[in-house]
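Since this is a predicted model, take the numbers as computed values, not measurements. Residue numbers start at 1 and run along the sequence shown.
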Amino acid sequence: MMLADPSKKYRRMYQRVDLADRQWPNNEITKAPIWMSTDLRDGNQAIFEPMNIEQKFKMFQMLVKVGFKHIEIGFPSASQVDFDFTRKLIEENHIPADVYIEVLVQARDHLIERTFEALQGAERAIVHIYNANSPTFRSKVLNVDVAGAKALAINAAEKVKHYAAQYPATEWIFQYSPECFTATELEVAKDVCDAVTAIWEASPDNKVILNLPATVEVSTPNVYADQIEWMHRNIERRDGVIISVHCHNDRGCGIAASELAIMAGADRVEGCVFGNGERTGNVDVAAIALNMYTQGVAPELDFSNMNEIIAVVEECTGLPVHPRHPYAGDLVFTAFSGSHQDAIKKGFEYQKDQAIWDMPYLPIDPKDLGRDYDAVIRVNSQSGKGGIAYLLESHYNVVLPRRLQIEFSQTVQQVTDEQGTEITAQDIWKLFKDTYVASKDGHYSTKNYKLSDHNGNQVIELEIEINGEVQQLRGEGNGPISAILDALQLPIDVLNYEERSISSGASAKALALIEVQVKGTGRSAFGAGVHDNIVTSSIEAIIACTNRLVAQGVLDQETAAAV
């Protein structure tokens, strides 16, 4: 089945904006807006089971801790739970001195009266009224013309002013939303908003909030920015108005629309912490704030304990945070791709001594959000040597030579291809030991040794088992490695040797990594030894190499046995 011809079914729902000299494309976000959390209202209306008072209170405490100064706590005229929750916050003094609680109410007289009853005794509060002015709502929902829609707003504004005067002890801020602003003619929206701010006597000392919402997202973000800039330039009493934006995400562009709106003159952003809201949700405040943070702008919200915030949101809403959710998801800092892993590994090598965060594929330092680096690189069948090397280094302090990285990655690849699942750092370390350390117990097996000095050289006496037969060997050289090779009397040379500690303190282990080559063949093998004593580790590494060469048929068993 084909999609219907869109030209016959759909039309543009927004008014084109005549703004040839638009300024927002040249602007940058240089400071945080006022943030308003609507998790407890818009977010609460969009979940299967609305929050109870205990859940709302837990969410409220989290929002305060994050740093929101405007928090929309509910719709008390429409919900008894919201009414009771409002009373709880006020009567039990849970509202910090610098926080404004906000409540939403339709532009209807009895609902406005009920709203002020809920707010009685509050030290400061925002009363938020709204009505739709778009052509669709005027003709199909409200059955009014432009003048009728304006009259609804004027009446509600007057009622809000009337009831607020009965509670002079409260510091009031009034907010008006022309619902479906993006689908409303700009001249109509301006006329209604100007009428409301006139009634409320907006001034620099008496700020009024005009919220210009993308109630339903009907255009590209640049059109919304044009609409906001047009209102920013043309509304009356602009110095007494806080322009707020509330973007829904129907087209998937809520974050972009909000950011461009800030550039276009908006002073305030409404949304939910992780973008919960009706339909496809509303704007994701954490994403906008952390986008700013990664550009060097202080967001004035604290997401340094992201896991705790996620836990509260998931518990209270019953909605999981997606593993690919920007900044918050479990997998957003995780690389499975081999090329990504290699770039991140190399980036960390340079990043250690740099103050400015500049990492491949990681726009933000996970530690800024309370995350560690353990999950940055994870290995599956799509991964490469860089990721494997990173996990061994970060978890076990094991740094593999490049050629060993390449060789061992093929072993890991075979395992992940067979299993079809992710492999952990612990699994990789075990596979490494099984491949390069455990082979010390194959064809050759060291039983005991004694190391001493003789005329400035190192002398080793080895008790070694070869094919079940115990032999006593002696070798001498300028160091333990050369003494061991002299004792074995095998046609092998050492190509590379490295040693390092793979833990710390009294329980530190020594890791020896060695590559030996069979003379005249160009064939080599790696081996490793792990022991408390570095000499023992070196002996085990050489024996492991020898056994691997025998197993591969590179070193002839008879030659190796004729020691």
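The backbone N or O of Ile228 sits nowhere less than 3.5 Å from a side-chain atom of His232 that would complete a donor-acceptor pair. Counting only distance, with no hydrogens or angles, the side chain of Asp194 and the backbone of Glu236 share a donor-acceptor pair below 3.5 Å. Proximity of a side-chain donor or acceptor of Thr215 to a complementary backbone N or O of Cys180 within less than 3.5 Å is detected. A donor-acceptor contact shorter than 3.5 Å is absent between the side chain of Glu185 and the backbone of Gln15. Side-chain N or O atoms of Asp250 include none that pairs as donor or acceptor with a backbone N or O of Val218 at under 3.5 Å. In this structure, Lys88 contributes its side chain and Ile53 its backbone to no donor-acceptor pair below 3.5 Å. Of the possible polar contacts, none joining the Asn155 side chain to the Ala107 backbone as a donor-acceptor pair under 3.5 Å is found.
The neighbour count for Gln166 CD, taken as heavy atoms of other residues, nucleotides or ligands under 6.0 Å away, is above 12. More than 12 heavy atoms of other residues, nucleotides or ligands shown are found within 6.0 angstrom of CZ on Arg12. Remark: Asn143 CG is loosely packed, at most 12 non-hydrogen atoms of other residues, nucleotides or ligands lying under 6.0 Å away. Atom CG of Asp18 has 12 or fewer neighbouring heavy atoms from other residues, nucleotides or ligands inside a 6.0 Å radius.
A donor-acceptor contact closer than 3.5 angstrom links the side chains of Asp84 and Gln80. No side-chain donor from either of Ser203 and Asp205 sits under 3.5 Å from a side-chain acceptor of the other. Inspection of the Thr280 and Asn249 side chains reveals no N or O donor paired with an N or O acceptor under 3.5 Å. With hydrogens and angles left out, the side-chain atoms of Tyr224 and Glu217 include no donor and acceptor closer than 3.5 Å. Asn222 and Trp24 share no side-chain donor-acceptor pair at under 3.5 Å. Under 3.5 Å, the side chains of Tyr327 and Asp284 contain no donor-acceptor pair of N or O atoms.
Side-chain contact check for Asp368 versus Tyr293: some heavy-atom pair is nearer than 4.5 Å. In this structure the side chain of His162 never reaches within 4.5 angstrom of the side chain of Glu158, judged on heavy atoms. The shortest side-chain heavy-atom distance between Ser177 and His128 falls under the 4.5 Å cut-off. Using a 4.5 Å heavy-atom cutoff, the side chains of Gln106 and Asn131 are not in contact. Taking the side chain as every heavy atom from C-beta outward, Arg238 and Ile235 approach each other to under 4.5 Å. Using a 4.5 Å heavy-atom threshold, the side chains of Lys65 and Val312 count as separate. Thr136 has its side chain out of reach of Val141: every pair of non-hydrogen atoms, C-beta onward, lies at least 4.5 Å apart. Between Ile262 and Val245, the closest side-chain pair of non-hydrogen atoms is not below 4.5 Å.
In this structure, the ring of Phe60 has its center no less than 6.0 angstrom from the ring center of His94. If you look at Phe116 and Trp172, their ring centroids are closer than 6.0 Å.
No option in Glu270, Glu102, Arg268 other than Arg268 meets the side chain to side chain donor-acceptor pair (under 3.5 Å) test with His70.
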Candidate pair Trp35 and Ile288, rule side-chain contact (heavy atoms from CB on, under 4.5 Å), full reasoning: CA-CA 10 Å; Trp35 301 106; Ile288 299 179; 3.6 Å; yes
field: Derivation of the side-chain contact (heavy atoms from CB on, under 4.5 Å) call for Lys31 and Met292
entry: CA-CA 8 Å; Lys31 65 177 183 178; Met292 293 170 50; over 6 Å; no
message: side-chain contact (heavy atoms from CB on, under 4.5 Å), that's the test. Do Phe137 and Val144 meet it? Break it down for me.
response: CA-CA 9 Å; Phe137 270 77; Val144 296; over 6 Å; no
message: side-chain contact (heavy atoms from CB on, under 4.5 Å), that's the test. Do Ile209 and Ile126 meet it? Break it down for me.
response: CA-CA 9 Å; Ile209 300 171; Ile126 301 170; 4.2 Å; yes
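Checked for salt-bridge contact, Asp82 and Lys56 meet the test: a charged N lies under 4.0 Å from a carboxylate O. Of the charged side-chain nitrogens involved, none lies within less than 4.0 Å of a carboxylate oxygen, so that Lys346 and Glu349 do not count as a salt-bridged pair.
Classified by interplanar angle (parallel below 30°, tilted 30° to 60°, perpendicular above 60°), the ring pair Phe348/Trp357 is perpendicular.
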